[in-house]
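Sequence lines set the chain letters: A, B, ... in the order given, protein chains first and strands last, and positions in each chain run from 1.
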Amino acid sequence: MSKKVLVLGEAREGALRNVSYEAIAAAKQISSGGEVVSVLLGDSVGELATELGKYGADRVITVEHPHLKQYTSDGYGQALLAVIEQENPDAIVFGHTALGKDLSPKIASKLQIGLVSDVTSIEGEGDSAVFIRPIYSGKAFEKVKVKAGIEFITIRPNNIAPLAKDDSKSAVVSSLSVDITNLRTIIKEVVRKTTEGVDLSEAKVVIAGGRGVKSEEGFAPLKELADVLGGAVGASRGACDADYCDYSLQIGQTGKVVTPDLYIAAGISGAIQHLAGMSNSKIIVAINKDPEANIFKVADYGIVGDLFEVIPMLTEEFKKLKVNA
Amino acid sequence: MNIYVLVKRTFDTEEKIVVSGGKIQEDGAEFIINPYDEYAIEEAIQVRDAQGGEVTVLTMGGEDAEKQLRTALAMGADKAVLINIEDDVEEMDQFTAAHVISEYLKDKNPDLILAGNVAIDGGSGQVGPRVAESLGINYVTTITNLEINGTTVTIKRDVEGDTEVLETSLPLLVTAQQGLNEPRYPSLPGIMKAKKKPLEEVELDDLDIDEDDVVAKTETIEIYLPPKKEAGKVLEGELADQVKELVHLLHSEAKVV
């Protein structure tokens with residue numbers, strides 16, 4: 001049976017996040033020839049709607065309201081429930097982002113339905129769709145089916161490939177007016193700590209530092225390499241505990257889970273708790289002075305050496321590669 | 001202040017995962033309090049110490065979870081509740097858990113409920129917000145700081161690395177992120193006292209819940225281990241050559257840059 005699938009589009013600093021396109025691809029698969037409807041919420045999001053069509057959305061519904069300028073579960077919840085009521089979808093897809101993680105359980109609870117969180121791949125399509133998700137911090141996987149009711153999933157960024165952009169395609173855009181009232185949370189301030197635009201969970205390249213980085217200043221060469229590769233900087237718990245960096249950079253069992261195309265671990269020993277946060281990365285590079293370090297066991301490529309020598313040399317080589325490309 | 005903490009018993013982070021007969025093998029494994037829940041317990045104790053009141057730790061599961069509840073009591077919680085579903089629920093999911101916990105809490109008038117932002121086994125992060133929604137109270141996830149002034153609550157939360165500062169009010173459910181506090185270890189006197197603290201055990205019958213009302217909405221049809229990764233290639237030779245080779249491999253072989 002073909003299905004109608006609702007997808008939440010997510011913008012960050014005025015641009016759509018990649019996961020919005022990945023969610024459309026997931027929705028296409030679940031819809032099995034049905035309809036994919038993207039939803040955009042905000043105070044002014046109309047301009048972003050056309051982009052979603054090029055990535056495969058059949059329709060886009062925008063809900064614009066001053067109270068939707070910043071995300072709150074109450075505001076977004078009210079808007080989305082209004083869209084769900086109007087559209088009556090067979091399935092819903094969110095990104096497993098800070099916003100998606102926060103909002104999806106509220107919607108699932110309100111609708112009294114199941115929710116499959118943090119899906120990394122989908123097998124089959126339509127009624128036979130099965131959702132695969134990591135459990136035990138990626139040490140195992142489970143295949144989950146929704147028994148009855150709306151199929152509601154959140155997808156982990158960087159795992160389901162978006163459809164190729166097709167400029168000739170466009171979506172039918174409509175707007176829905178929703179009264180947003182009674183917000184119980186007021187956002188006072190957002191303190192930006194992350195580096196320019198590249199979000200750790202969505203980054204294609206992550207350069208992570210451990211205790212071997214030795215100081216706050218020690219992260220500078222890592223940052224330089226990340227900038228050259230358009231990546232983000234992360235850290236092990238050891239580096240965070242030693243105050244070399246903010247906990248917001250921590251990758252691991254407690255901390256962020258990342259699955260970039262390239263993960264470079266510099267001065268990280270590779271405790272099992274750290275591996276839980278990055279072992280599903282596509283390619284792992286380990287740089288460590290200790291040839292016995294555990295990180296080499298999960299690495300695709302390793303260099304035994306001092307990160308303060310290796311990282312700047314890598315930066316130079318990648319610069320050359322970029323120039324030649 | 002009437003404070004509840006939702007706690008889950010999970011595999012020790014160091015445990016190796018073994019799958020047999022389509023299930024994760026639990027025999028002989030070490031179990032702990034879910035690490036994120038430890039932050040929630042610590043914060044609850046600190047709030048109680050500052051504001052007065054009582055901390056109740058609550059878990060759902062089998063008899064074995066009593067051990068984790070006793071640990072929470074030893075840390076400083078006042079009371080514990082075990083919702084024992086061992087004999088009643090065969091297949092459960094987050095809907096089941098949230099429904100059962102909400103039914104228990106609905107007439108307890110909690111001012112503040114704390115939970116971990118995610119459990120390191122199932123990893124869904126749903127149960128806290130679902131419970132709040134069922135109870136009709138507000139929630140804030142992944143918090144790193146909590147200040148309570150009367151009924152006004154000021155919170156810092158982690159949003160993918162950025163910090164959001166927000167204001168809300170009690171009653172409220174919050175989920176703890178790393179960085180919220182440094183959970184204490186149970187002291188020896190704490191462990192002795194914990195043995196005498198009240199631990200209530202209830203079953204679905206006591207909550208007037210029909211087993212059919214909590215049937216899972218989702219179903220796990222298979223559990224498997226990821227393919228074993230082959231040992232990687234440790235480069236050799238002069239460092240400068242190694243670096244050149246690595247860049248070449250990443251570009252031409254792995255094709256990730």
For [X], is it the side chain, the backbone, both or neither that has a heavy atom under 4.5 Å from a heavy atom of chain A?
X	answer
Asp158(B)	side chain
Ile24(B)	side chain
Glu15(B)	backbone
Tyr224(B)	both

Quick one: pull up [atom1] in [X] and [atom2] in [Y] and give me the separation to the nearest 0.5 Å.
X	Y	atom1	atom2	answer
Glu222(B)	Glu142(A)	CD	CD	11.0 Å
Tyr247(A)	Thr144(B)	OH	OG1	12.0 Å
Gln112(A)	Ser134(B)	CD	OG	6.0 Å

Inset, instruction - Report yes or no: do Ser117(A) and Gln126(B) form a side-chain donor-acceptor pair below 3.5 Å? - result: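 Yes, a side-chain donor-acceptor pair sits under 3.5 Å.
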
Legend entry - Side-chain donor-acceptor contact under 3.5 Å, Thr185(A) with Asn138(B):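 Yes, a side-chain donor-acceptor pair sits under 3.5 Å.
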
Inset, instruction - Counting only heavy atoms closer than 4.5 Å, note whether Ile283(A) contacts chain B via side chain, backbone, both or neither. - result: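 Contact with chain B is through the side chain of Ile283(A) alone.
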
Inset, instruction - Decide yes or no for Asp199(A) and Glu160(B): does some side-chain heavy atom of the first lie under 4.5 Å from some side-chain heavy atom of the second? - result: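 In short, these two side chains touch, coming nearer than 4.5 Å.
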
Inset, instruction - Kindly indicate whether the side chain of Val247(B), heavy atoms from C-beta on, has any atom under 4.5 Å from the side chain of Glu316(A). - result: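 Contact flag for Val247(B)/Glu316(A) side chains = no.
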
Inset, instruction - Inspect the surroundings of NZ in Lys204(A) and state if more than 12 heavy atoms from other residues, nucleotides or ligands are less than 6.0 Å away. - result: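 Correct, the count exceeds 12.
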
Legend entry - Ion pair Lys147(A)/Asp93(B), N-O distance below 4.0 Å: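 Asp93(B) and Lys147(A): not salt-bridged.
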
Legend entry - Heavy-atom donor-acceptor pair, Tyr139(B) side chain to Asp102(A) backbone, under 3.5 Å: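 The answer is yes, because a donor-acceptor pair under 3.5 Å joins these two groups.
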
Legend entry - Partner chain A: residue of Ala132(B), Ser124(B), Gly123(B), Gly179(B) with the largest heavy-atom pair count (under 4.5 Å):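 Of the options given, most contacts go to Ser124(B).
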
